[in-house]
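Let me begin by presenting the structure, written as structure tokens, before commenting on it.
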Amino acid sequence: MRGSKGAHGPWRSGRKALVSSRFASAAARLSGRGESETRRSEGARMADMVRTRIAPSPTGDPHVGTAYVALFNYAWARKNGGQFILRIEDTDRERSNPASERMIFEALHWLGLSWDEGPDVGGPFGPYRQSERSEIYREHAERLVATGSAYPCFCTKERLEALREEQRRAKVAHALGYDGHCRAVPPAEGQRRRAAGEPHVIRLAMPREGETVVSDLLRGELRFDNTLVDDQVLIKSDGYPTYHLANVVDDHLMGITHVIRAEEWISSLPKHAMLYRAFGWDLPVFCHLPLLRNTDKSKISKRKNPVSLNYYRRAGYLPEALLNFLALQGWAIAEDREEFTLDEFIATFELSKVTLGGPVFDLEKLTWMNGKYIRKLTVPQLLDRLRGDLLSDEYLLKVLTLAHERIERLEEFVEYASFFFVGELEYDAEARGKLVAKKCTPEQTALALERLLEESLDQLLEWEPARIEETMRAYCEATGWKTSDLFMPVRVAVTGKAATPPLFETMAVLGKEICRRRLRRAAETLRAMKAEGNPGAHGGEDEKP
RNA sequence: GGCCCUGUCGUCUAACGGUCAGGACACUGGUCUUUCAAGCCAGCAGCACGGGUUCGACUCCCGUCAGGGCCGCCA
């Protein structure tokens with residue numbers, strides 16, 4: 001995935017031809033006229049045009065992996081004088097959420113990664129939100145059905161589940177996936193049943209023999225046995241496209257030249273390649289970046305590592321430090337150097353030199369690097385940073401609103417509101433006592449706090465008092481907890497105190513990231529209490545002899 | 001289980017057939033300092049294993065092993 005400017009290294013011979021023709025067609029689309037009409041000088045410039053994109057799905061908190069992939073896409077586009085596009089992949093109607101989309105915009109802006117085209121800034125290839133492009137996908141899917149590259153499938157969910165179950169049990173591991181049942185339905189009959197309104201999806205008809213070979217900029221030729229790739233759903237029964245269809249159609253229509261994405265997509269590469277082929281389109285350059293990892297090498301996840309960009313922002317990581325650190329995951333600017341600015345990154349970045357080993361996200365090193373960046377600031381600059389987030393008027397106003405009627409001298413404010421400004425909390429003896437829910441063991445309380453977090457609060461994206469309250473009450477309802485029994489441990493967990501402003505307002509002001517961190521920490525504290533003989537607990541059944 | 005990807009200090013990485021395998025985080029010791037940091041200096045620690053190819057392999061090929069990803073009408 002590179003402009004001709006940087007087209008050395010892995011780009012030689014055969015592949016080069018593919019790439020340049022790809023650029024030419026992208027250029028034609030970009031200029032909005034045929035390539036032949038393009039003026040020569042402009043044509044030369046356009047032929048070099050690199051277009052990359054980040055295509056997050058707005059289904060949760062803004063993810064550090066999104067920032068990682070966005071950074072590399074951004075740098076590659078900038079380095080080649082091309083464009084970087086933000087596209088929202090919200091084709092999952094259940095999970096997509098406007099709050100999440102907003103947070104993604106904010107987080108990327110915070111990092112300083114700006115896009116040339118996107119839902120918020122517009123652009124010549126919009127709309128940039130897939131939910132607003134349904135008609136485009138439908139048309140394209142029909143085109144495939146018409147040519148026999150896709151077909152309607154009427155299989156019920158039940159049948160698919162049964163099929164999956166049977167395959168699992170029979171251990172026909174090589175034939176996992178859809179069995180192509182509806183491929184046998186004659187087109188005319190399929191047409192009739194669709195017209196009659198029978199629920200169905202549209203599936204891609206994968207070739208039943210041969211192999212699909214796709215080249216990856218970093219990994220060379222990737223080969224897949226077609227018989228092992230099942231018929232992927234292209235259009236869901238709700239009429240929305242799946243990622244696979246929308247992604248391919250949009251990348252083509254938006255003139256994306258380099259698809260730089262995470263490694264987890266490699267296994268769907270053959271499906272994507274088949275789609276391009278079925279449409280008669282040239283393939284973009286594919287480049288699969290390694291996945292960020294937890295300490296145990298598994299794909300980075302919120303259970304084992306902070307992954308929300310909101311966490312890093314709230315914890316006081318500087319965006320430039322985070323970016324610098326992220327750039328180091330898979331790439332090195334020089335043998336003995338690792339601190340550099342975004343501009344330096346852009347200037348020196350070479351996609352082909354990205355390393356492939358899955359980098360363990362080392363929070364400790366990030367933190368060290370952040371310290372370096374803090375020390376590089378002048379004191380007034382540091383002040384500005386603090387005033388930008390943690391000590392912004394906006395935040396102070398919120399805290400002050402809650403402290404207002406609860407202090408009698410101004411100097412009390414700092415102590416009263418200290419938990420709004422620190423990161424980790426220390427739970428003193430009194431707090432530890434109140435951390436344990438009535439009639440419960442520390443262990444039980446810990447479990448309840450964790451479940452409240454993971455099963456309820458984590459899913460909540462609109463972090464507002466009313467929504468928090470609603471969520472917590474619903475949790476109590478579902479689990480049989482008395483709200484009064486559970487809310488005190490939560491209060492102590494997130495504030496370290498038993499006497500605080502109203503819980504939900506307090507949690508809202510603290511923010512989700514802080515609450516999440518403290519709830520976790522509280523659970524750990526509770527577990528440790530059990531280990532050390534349960535000092536602060538009151539009234540736990542099983543501590544009585 | 002099947003397919004695919006990956007494999008240099010504990011961690012992030014440099015090396016692109018010939019180096020004492022370099023740097024950084026962490027760790028250890030020292031230095032500076034009223035303290036704590038920061039800084040500086042030093043130390044510890046690695047080419048997963050086995051075959052090839054080659055005058056010569058961390059570098060190329062094959063195999064083994066290990067780790068990871070995917071196997072949804074989620075992306």
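The sequence lines fix the lettering, A, B, ..., with proteins before strands; numbering per chain opens at 1. Scope of the values below: all heavy atoms of this structure, side chains included, with no hydrogens, waters or symmetry mates.
Within the structure, a side-chain polar atom (N or O) of A/Arg164 is placed less than 4.0 Å from OP1 or OP2 of B/rC73. For B/rC70, the OP1/OP2 oxygens have no side-chain nitrogen or oxygen of A/Lys271 closer than 4.0 Å. Of the side-chain N and O atoms in A/Arg223, none sit less than 4.0 angstrom from OP1 or OP2 of B/rC3. Taking only side-chain nitrogens and oxygens, A/Ser267 never comes nearer than 4.0 Å to OP1 or OP2 of B/rC4.
Ring orientation note: the planes of A/Trp265 and A/His272 are tilted relative to one another, at an angle of 30° to 60°. Taking the six-membered ring where the residue is Trp, A/His140 and A/Phe279 present perpendicular rings, their angle passing 60° and hence far from 30°. A perpendicular orientation is assigned to the rings of A/Phe345 and A/Trp331, their planes being inclined by more than 60° (bins at 30° and 60°).
Within the shown strands, B/rG30 is the pairing partner of B/rC40 under the Watson-Crick or G-U definition, both distances less than 3.5 Å. Under the Watson-Crick and G-U wobble criteria, each requiring two contacts below 3.5 Å, nucleotide B/rC65 is paired to B/rG7. The pairing partner recorded for B/rU19 is none, the criterion being a Watson-Crick or G-U wobble arrangement whose two distances lie under 3.5 angstrom. When both distances must be under 3.5 Å, the Watson-Crick or G-U wobble mate of B/rU59 does not exist. Using the Watson-Crick or G-U wobble rule with both distances under 3.5 Å, B/rG2 pairs with B/rC70.
Look at NZ on A/Lys365: it is 15 Å from P on B/rG10, rounded to the nearest Å. In this structure, A/Lys236 places its NZ atom 4 Å from P of B/rA75, rounding to the nearest Å. Rounded to whole angstrom, the span from the CD1 atom of A/Ile266 across to the P atom of B/rG68 amounts to 16 Å. Regarding A/Asp336, its CG atom lies at a distance of 16 Å from the C1' atom of B/rC25, rounded to whole Å. Between the P atom of B/rC5 and the CG atom of A/Asp216 lies a distance of 10 Å, rounded to the nearest Å. What separates OH of A/Tyr243 from C1' of B/rC73 is a distance of 17 Å, to the nearest Å. Note: CG (A/Leu356) to P (B/rA15) measures 14 Å, nearest angstrom. Rounded to whole angstrom, the span from the CG atom of A/Asp362 across to the P atom of B/rC9 amounts to 14 Å.
Heavy atoms of A/Arg95 sit under 4.0 angstrom from at least one base atom. Using a 4.0 Å heavy-atom cutoff across all strands shown, A/Val201 reaches at least one base atom of the nucleic acid. Using a 4.0 Å heavy-atom distance criterion, A/Lys372 is classed as a sugar-phosphate-only contact. Residue A/Trp265 is classed as a base contact, given a heavy-atom separation below 4.0 Å to a base. Backbone-only engagement by A/Thr91 is indicated by non-hydrogen atom pairs under 4.0 Å involving sugar-phosphate atoms exclusively. No engagement by A/Thr367 is indicated, since no non-hydrogen atom pair under 4.0 Å with the nucleic acid exists. A/Glu338 comes within 4.0 angstrom of a nucleotide base, judged by non-hydrogen atoms across all strands. Nucleic acid contact for A/Ser298: sugar-phosphate only, since backbone atoms but no base atoms lie under 4.0 Å from a heavy atom of the residue.
For A/Glu209, the CD atom counts as loosely surrounded, since its 6.0 Å shell holds 12 or fewer non-hydrogen atoms of other residues, nucleotides or ligands.
For A/Arg219 and B/rC5, a side-chain-to-base donor-acceptor distance below 3.5 Å is absent, hydrogens and geometry of angles not being considered.
Taking atom C1' on both B/rC12 and B/rA45, the two are 15 Å apart, rounded to the nearest angstrom. Across B/rC41 and B/rA57, the matching C1' atoms stand 35 Å from one another, rounded to whole Å. When the C1' atom is compared between B/rU53 and B/rC4, the two are found 27 Å apart, to the nearest whole Å. With P as the reference atom, B/rG52 and B/rU13 are 33 Å apart, rounded to whole Å. When the C1' atom is used for both B/rC25 and B/rA14, the distance is 15 Å, rounded to whole Å. The gap from the C1' atom of B/rG46 to that of B/rU19 amounts to 15 Å, rounded to the nearest Å. Comparing the C1' positions of B/rC74 and B/rG69 gives an interatomic distance of 16 Å, to the nearest angstrom. Comparing the P positions of B/rC70 and B/rU64 gives a spacing of 24 Å, expressed to the nearest Å.
When distances are taken from the side chain of A/Lys297 to each of B/rG68, B/rC5, B/rA26, the shortest belongs to B/rG68. Nearest to the side-chain atoms of A/Thr242 among the listed nucleotides B/rC73, B/rU13, B/rC3 stands B/rC73. Which of B/rG69, B/rC5, B/rC25 sits closest to the side chain of A/Glu364 comes down to B/rC25. Taking the side chain of A/Leu160 as heavy atoms from C-beta on, and the options B/rC73, B/rC12, B/rC4, the nearest nucleotide is B/rC73.
Evaluated for a salt bridge (Lys or Arg N to Asp or Glu O under 4.0 Å) with A/Asp230, the options A/Arg164, A/Lys271, A/Arg203 yield exactly one hit, A/Lys271.
A cation-pi arrangement is found for A/Arg193 relative to A/Phe154, the charged atom lying closer than 6.0 Å to the ring centre and inside a 45° cone about the ring normal.
Residues A/Arg133 and A/Leu253 form a side-chain contact, since some pair of their non-hydrogen atoms from C-beta on lies under 4.5 Å apart.
Taking the charged nitrogens against the carboxylate oxygens, A/Lys236 and A/Asp92 have no contact shorter than 4.0 Å, which rules out a salt bridge.
Toward the 5′ end of RNA chain B lies the nearest nucleotide of A/Gly330, the other residue of the pair A/Gly330 and A/Leu366 mapping further downstream. Between A/Glu264 and A/Gln130, the residue anchored nearer the 5' end of RNA chain B, judged by the nucleotide with its closest heavy atom, is A/Glu264.
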